[in-house]
Amino acid sequence: MSYILSEEQEQVRKLAREFAQGEIVPVARENDRRERFPEEILAKMASLGFLGTLPPPQYGGMGLDYISHALLVEEVAKACFSTSTTLSVHISLTQMPILQWGTEAQKQKYLPRLARGEIIGCFGLTEPNVGSDAAAVETTATRGDGGWRLNGTKTWITNGGVAQLALVFAQTEKALGYRGITVFLVEGGTPGFSNTPLTHKLGLRSSNTAELIFDDCLVSEENVLGKVGDGFKIAMAALDEARYTTAAGCVGLAQASLDASISYAQTRMQFGKPIGGFQLIQELIADMMVETEAARFLVHRAGELKNRKLPASREISMAKYYASEAALRAADRAIQIHGGSGYCDEYPVERYFRDAKAATIYEGTSQVQKLLIGRAALGINAFV
Ligand SMILES: Cc1cc2nc3c(=O)[nH]c(=O)nc-3n(C[C@H](O)[C@H](O)[C@H](O)COP(=O)(O)OP(=O)(O)OC[C@H]3O[C@@H](n4cnc5c(N)ncnc54)[C@H](O)[C@@H]3O)c2cc1C
């Protein structure tokens with residue numbers, strides 16, 4: 001693995017950094033305060049190709065390698081983790097499963113529009129009774145005249161209220177357990193498909209979250225993604241993609257906490273000198289720096305495996321687990337360094353803290369990541 005970025009990767013990082021610092025940072029606090037979904041930021045990101053980083057140009061994407069994708073996401077997350085979460089779901093949980101499992105017609109129909117930001121995507125797996133145990137999906141899809149009838153509720157769905165395309169996981173043959181789950185591509189406006197916004201979240205306040213409701217919603221046969229019964233396999237592959245992107249975002253969040261802390265520690269005077277001169281503050285900064293860099297290496301190692309099309313699930317879980325917890329610790333330390341000023345949104349560090357917590361929960365909690373890493377180390381397959 002190379003520790004030196006290529007010229008192209010440096011260029012992607014520079015472009016993303018300039019955009020994020022110039023366009024996202026100035027509006028991030030206000031959008032967080034107002035729980036406002038940043039449509040205009042997404043439109044600008046779309047014009048730069050940022051909404052389709054990974055899919056190849058033939059489907060409207062940028063065709064970036066995984067390290068470049070991580071660098072871009074890191075820069076966006078450093079400015080606003082809500083926006084990088086929107087991006088992660090739109091690309092890694094929507095476009096990547098379509099790219100990997102879709103028919104040519106599905107790819108042609110949806111990927112270019114998603115990459116151009118004409119439509120936003122979401123991923124509906126979680127339900128009121130189904131979280132970490134994703135194989136226990138209760139939403140049903142019953143085959144009949146004209147396709148499949150979906151009934152059930154999905155909850156905590158990022159982009160759920162703004163998406164025009166939802167990947168929906170439903171039980172098509174209960175007796176088969178996790179092998180009886182199928183994915184459906186459900187378009188916004190389909191009769192029987194509605195959503196209710198989920199507001200007042202602890203963090204990620206400018207990312208959109210909603211409940212999706214399916215009430216006898218008819219979906220045609222050509223909108224089955226992959227084969228009937230492939231749903232669980234598709235969910236796990238998609239979650240690998242998303243955990244990688246989330247881990248990269250968490251590196252950005254940790255870096256933002258570190259940068260803010262260094263700048264504050266250099267200027268805040270107490271006892272007649274900048275607080276950065278106190279060794280206990282230096283220790284907090286040193287810990288943040290080591291953990292941020294370690295998280296970045298874990299992400300880039302997983303990215304290198306992905307670039308080479310090698311198995312990377314365990315490395316991705318390690319990166320997601322470590323980076324999300326490191327981002328949370330970094331934000332906690334950043335608030336400590338800012339003292340009372342860190343406890344309100346005059347400075348961004350309290351937002352970093354609230355946002356970082358979500359990453360230890362979604363796409364598989366930290367406990368679930370540890371189970372996956374431990375099982376992989378011990379050669380245990382949970383499904384036999
Ligand atoms: C901001 C946000 C955005 C989200 N976006 C999406 C989305 O776009 N699409 C989507 O489908 N879902 C989404 N989710 C849902 C998310 O993936 C789930 O919240 C997550 O998988 C955990 O499920 P749960 O909340 O039901 O918790 P539960 O599964 O009920 O877990 C509760 C607690 O028990 C622990 N636990 C559970 N099982 C075990 C075990 N076997 N061993 C040890 N501990 C265990 C968990 O780690 C956790 O601490 C989102 C959630 C949040 C907070």
Side-chain angles (χ1 to χ4, degrees), residues 32 35 37 77 80-97 120-139 152-163 165-171 178 181 183-184 186 195-214 225 231-232 234-243 245-247 249-250 253 317 320-321 324-325 327-328 351-375 380 382-383:
D32 176 73
E35 301 196 28
F37 185 72
C80 174
F81 197 63
S82 284
T83 307
S84 73
T85 295
T86 303
L87 201 64
S88 175
V89 171
H90 181 68
I91 297 172
S92 304
L93 285 178
T94 308
Q95 294 174 49
M96 296 311 279
I120 297 292
C122 73
F123 180 88
L125 179 62
T126 304
E127 301 180 0
N129 294 324
V130 180
S132 302
D133 185 8
V137 163
E138 291 177 350
T139 294
T153 301
K154 298 288 174 180
T155 193
W156 280 109
I157 308 306
T158 301
N159 299 346
V162 292
L165 182 67
L167 268 64
V168 181
F169 294 77
Q171 189 61 252
Y178 76 94
I181 298 171
V183 194
F184 297 88
V186 186
N195 69 76
T196 319
L198 208 158
T199 54
H200 306 306
K201 302 192 295 283
L202 172 70
L204 293 183
R205 291 190 169 174
S206 65
S207 91
N208 178 280
T209 316
E211 205 169 68
L212 308 182
I213 300 123
F214 300 91
L225 182 66
F232 192 72
I234 295 174
M236 294 304 112
L239 285 168
D240 258 5
E241 294 284 336
R243 286 166 187 158
T245 302
T246 292
C250 288
L253 201 47
S317 281
K320 197 267 185 181
Y321 163 57
S324 59
E325 296 287 345
L328 188 60
R351 172 164 52 90
Y352 301 159
F353 185 76
R354 290 186 285 106
D355 287 353
K357 187 61 209 163
T360 69
I361 297 172
Y362 63 48
E363 294 157 7
T365 62
S366 288
Q367 286 74 30
V368 166
Q369 300 314 312
K370 284 193 268 189
L371 289 178
L372 294 172
I373 296 161
R375 281 184 202 141
I380 296 169
F383 290 96

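First listed ligand is number 1; within each ligand, the first listed atom is number 1.
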Can you list everything that forms a ring-ring contact (aromatic ring centres under 6.0 Å, His included) with Phe184? Sequence neighbours excluded, please. Trp148
Out of Thr153, Ile157, Val137, Leu212, which residue meets the side chain to side chain contact (heavy atoms under 4.5 Å, CB included) rule with Glu127? Val137
All side-chain hydrogen bond (donor to acceptor under 3.5 Å, both in side chains) counterparts of Asn159, not counting sequence neighbours: none
Strictly under 6.0 Å, is that where the ring centroids of Phe169 and Phe123 end up? yes
My understanding is that only residues two or more places apart in sequence, or in another chain, count here; which of them pass side-chain hydrogen bond (donor to acceptor under 3.5 Å, both in side chains) with Thr246? Glu363
Residue pair Tyr362, Thr85: steps toward the side chain to side chain donor-acceptor pair (under 3.5 Å) verdict: CA-CA 10 Å; Tyr362 63 48; Thr85 295; 3.0 Å; yes
Heavy-atom contacts under 4.0 Å to ligand 1, chain-then-number order, include exactly Phe123, Leu125, Thr126, Gly131, Ser132, Trp156, Ile157, Thr158, Leu204, Ile361, Tyr362, Glu363, Thr365, Gln367, Leu371
